[in-house]
Structures are given as C-alpha cells and as structure tokens.
A.B. asks: 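Submitted below is the structure of interest, expressed as structure tokens.
Just the heavy atoms: all of them, side chains too, but no hydrogens, waters or symmetry mates, feed the values below.
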Amino acid sequence: RNLVDDFVQDMVAVHSIDPWLHRVLLDSPAPGDARPERAAFQAAYLSRYEAIIGACRGRRQEAANDTAVQVLSSAVEA
C-alpha cells in the first residue's frame with residue numbers, strides 16, 4: 001500500500017510543476033511519423049503501473065490488475 005501511495009504522491013508532485021504542459025503533451029495529436037513512438041511510450045508508461053499493481057496485488061489477478069492500471073493511471077493524469 002505504501003508503494004502505491006508513494007508512487008501517486010510522487011507522480012502528482014512531478015506533474016504539478018507544469019500541469020498544462022503535461023496535458024498538452026498527452027492530448028496533442030501525434031504526427032503520422034510519431035505514432036509508433038507514442039505507442040511505445042504509452043506501452044512503457046502503462047508497464048510501470050503494471051509493475052506497481054503487480055507488486056501489490058500479485059500477478060494472479062491479471063484482468064483485475066489491468067483495470068487497476070487504467071484507473072490508477074487515469075487518476076494520476078487527472
């Protein structure tokens with residue numbers, strides 16, 4: 001539990017420095033030639049959340065973990 005709490009607090013702190021910049025970077029359309037890089041970034045980004053959730057809940061709950069990853073990443077981005 002402390003791992004998730006610390007992670008969320010750190011992510012909020014990092015993104016609070018310039019939240020508008022973060023939002024613009026995430027929401028801006030990727031040029032056609034940047035789409036593979038954006039997809040790779042998104043996959044790496046979500047894999048970090050998967051590692052956190054997996055460490056806390058274990059790998060046995062894959063479907064529930066996937067949902068938790070999406071909820072946690074969305075909460076941090078909000």
Side-chain angles (χ1 to χ4, degrees):
R1 177 122 180 127
N2 288 338
L3 178 63
V4 173
D5 290 342
D6 291 346
F7 176 76
V8 170
Q9 288 176 9
D10 291 346
M11 289 294 286
V12 169
V14 166
H15 292 97
S16 68
I17 295 168
D18 197 344
W20 292 107
L21 178 59
H22 176 73
R23 178 57 44 206
V24 166
L25 290 172
L26 285 179
D27 291 344
S28 64
D33 58 345
R35 287 190 184 125
E37 289 84 5
R38 169 113 8 138
F41 169 80
Q42 186 71 11
Y45 177 77
L46 291 177
S47 75
R48 303 311 194 272
Y49 286 96
E50 289 169 3
I52 297 274
I53 297 297
C56 293
R57 299 179 70 187
R59 296 282 175 200
R60 63 190 180 286
Q61 303 173 6
E62 289 294 326
N65 287 359
D66 291 344
T67 300
V69 164
Q70 293 299 321
V71 169
L72 182 58
S73 67
S74 293
V76 170
E77 290 175 13

A.B. asks: Could you measure the distance from the CG atom of Leu46 to the CD1 atom of Ile53? Nearest 0.5 Å is fine.
C.D. replies: 11.5 Å
A.B. asks: Could you measure the distance from the CG atom of Asn65 to the CD1 atom of Ile52? Nearest 0.5 Å is fine.
C.D. replies: 12.5 Å
A.B. asks: Working to the nearest 0.5 angstrom, can you tell me the gap between Asn2 CG and Gln9 CD?
C.D. replies: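 Separation between the atoms: 9.5 Å.
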A.B. asks: Rounded to the nearest 0.5 Å, what separates atom CD in Gln42 from atom CD in Glu37?
C.D. replies: 14.0 Å
A.B. asks: Could I get the full list of side-chain contact (heavy atoms from CB on, under 4.5 Å) partners for Ala39, not counting sequence neighbours?
C.D. replies: none
A.B. asks: Is the Tyr49 ring parallel, tilted or perpendicular to the Tyr45 ring (thresholds 30°, 60°)?
C.D. replies: perpendicular
